[in-house]
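First up is the structure itself, then whatever we jot down about it.
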Amino acid sequence: MMAVSLEGPLSSVVAPKITSSTVVSTVAAVQIRSAQADYTSSDHKQEWDAYWANGGHAYDQRGPSVALQELLEVHRWLLPRGRCLVAGCGSGYDALYLAKRGLPHVLGIDFCEPAIARAHKLVEAAGGASALAGKLSFAVENFITFKPLHRFTVAYEYGLFSAIAPSQRQQWADAYARLIVPQGSLIVVLFPLIHRGPSPPYQVSMAECEQYLKRYFVLLRVDPNCRCIEGQEGNELVSVWKRL
């Protein structure tokens, strides 16, 4: 099955598989960019903080999402100009990538302080702290309860939908509806589509995602064959939405 676009032109070319020669693979060979699961125990929060404090390597791709890069660089999907939110930004790779693509301001948020600290270090190591001053920032925030002064024209996430508790999914959709301006864009990379066990990240599907977003958004594009790192074929899906 190839990508399906529900509005505007669509390239029918399916990009070749990304292998370990182009993307560094790690323990689980996939990236979880959020620690925003709905943990009712403080011990779970401490575990995620410890995960990031210890380097956060287990689910780290060591770079921006391959699926996001394909969407913007291969399929040339155009993002509207405006403020951009990266929810559950983790190490900050995707936020840095989007900021370098010319968006006027990108804000990455994550529930865990060590994740945000690592994102700041990433920008410094990349030498972009001064060049991106005023264009890229990070903050420790809970996405579900996040209430900024201004709304966003673009929002993006990798894996946040699967990182939160299933009981929070309606709140997840409500938050995006609250945070994105009318006609604004939302890019959701769903992972994992294949069962991984009872705890986060939870197995998710496009049908589940659409169930919660369709009240507020129109689906523009879905690509079940998006690029991913080696060994994760069929385990990720990219969808693009427009706020009503």
Side-chain angles (χ1 to χ4, degrees), residues 1-12 14 32-34 36-38 65 67-68 70-72 75-89 94 98 107 109 111 141-148 150-196 200-228 234-244:
M1 182 186 300
M2 65 178 60
V4 176
S5 177
L6 303 179
E7 180 173 296
L10 165 67
S11 170
S12 60
V14 176
I32 302 300
R33 300 177 186 272
S34 172
Q36 298 195 31
D38 181 30
S65 163
L68 175 61
E70 179 190 34
L71 177 69
L72 301 184
H75 299 302
R76 299 186 181 280
W77 192 269
L78 296 178
L79 296 176
R81 298 279 298 175
R83 289 166 47 84
C84 175
L85 174 68
V86 179
C89 67
D94 291 335
L98 289 168
L107 171 64
I109 63 171
F111 188 77
E141 295 283 356
N142 185 324
F143 170 72
I144 298 296
T145 58
F146 182 43
K147 296 181 179 180
H150 305 284
R151 290 191 289 176
F152 298 89
T153 305
V154 183
Y156 165 83
E157 71 160 72
Y158 180 107
L160 178 58
F161 185 67
S162 62
I164 62 174
S167 62
Q168 281 192 308
R169 288 176 181 171
Q170 185 58 61
Q171 293 174 282
W172 169 86
D174 293 343
Y176 274 126
R178 183 180 71 250
L179 293 168
I180 300 175
V181 300
Q183 306 303 306
S185 294
L186 170 62
I187 302 172
V188 177
V189 180
L190 291 177
F191 162 86
L193 305 178
I194 301 170
H195 185 59
R196 286 178 56 88
Y202 296 95
Q203 181 183 12
V204 293
S205 69
M206 182 61 195
E208 291 173 315
C209 180
E210 187 171 11
Q211 173 187 346
Y212 293 101
L213 289 180
K214 65 182 180 181
R215 175 181 175 186
Y216 305 113
F217 294 85
V218 174
L219 179 62
L220 301 183
R221 177 187 175 92
V222 57
D223 188 353
N225 292 322
C226 62
R227 282 185 176 182
C228 55
N235 207 23
E236 295 182 9
L237 179 151
V238 177
S239 60
V240 183
W241 306 77
K242 182 172 69 174
R243 181 71 170 93
L244 294 172

When rounded to the nearest 0.5 Å, the distance separating CG of Leu107 from NE2 of His150 is 12.0 Å
Residues two or more places apart in sequence or in another chain: which of them pass side-chain hydrogen bond (donor to acceptor under 3.5 Å, both in side chains) with Thr153?
none
Heavy-atom distance under 4.5 Å between the side chains of Ser239 and Phe217, does that happen here?
no
Compare all side-chain heavy atoms of Glu70 with those of Cys228 and state whether any distance is below 4.5 angstrom.
no
Check residues 170-181 and write down every donor-acceptor pair under 3.5 Å in which the side-chain atom is one partner and the other belongs to a residue at least two apart or another chain.
unit_1 : atom_1 : unit_2 : atom_2 : d
Gln170 : NE2    : Asp174 : OD1    : 2.9
Trp172 : NE1    : Glu157 : OE1    : 2.7
Asp174 : OD1    : Tyr216 : OH     : 2.6
Tyr176 : OH     : Glu157 : OE1    : 2.8
Arg178 : NH2    : Ile144 : O      : 3.4
Arg178 : NH2    : Phe146 : O      : 2.8

Residues which pass side-chain contact (heavy atoms from CB on, under 4.5 Å) with Val204, listed by chain and number, not counting sequence neighbours:
Phe161, Ser162, Arg169, Leu190, Leu193, Glu208
Smallest separation among heavy atoms of Arg83 and Arg151, with atom names
NE-O, 3.4 Å
How far does CG of Leu213 sit from CG of Leu219, to the nearest 0.5 angstrom?
9.0 Å
Do Leu98 and Val154 touch side chain to side chain, with heavy atoms closer than 4.5 Å?
no
Taking side chain as C-beta onward, heavy atoms only, is Leu71 less than 4.5 Å from Val189?
no
Which heavy atom in Ala87 sits nearest to a heavy atom in Leu160, and how many Å separate them?
CB-CD2, 3.7 Å
Rounded distance (nearest 0.5 Å) linking atom CZ of Phe152 with atom CG of Leu186
12.5 Å
Could you tell me the separation between the CD1 atom of Ile187 and the CG atom of Leu68, rounded to the nearest 0.5 Å?
6.0 Å
Could you tell me if the side chain of Tyr156 sits less than 4.5 Å from the side chain of Ser65, heavy atoms only?
yes
Do side-chain atoms of Asn235 reach the backbone of Pro192 as a donor and acceptor pair under 3.5 angstrom?
no
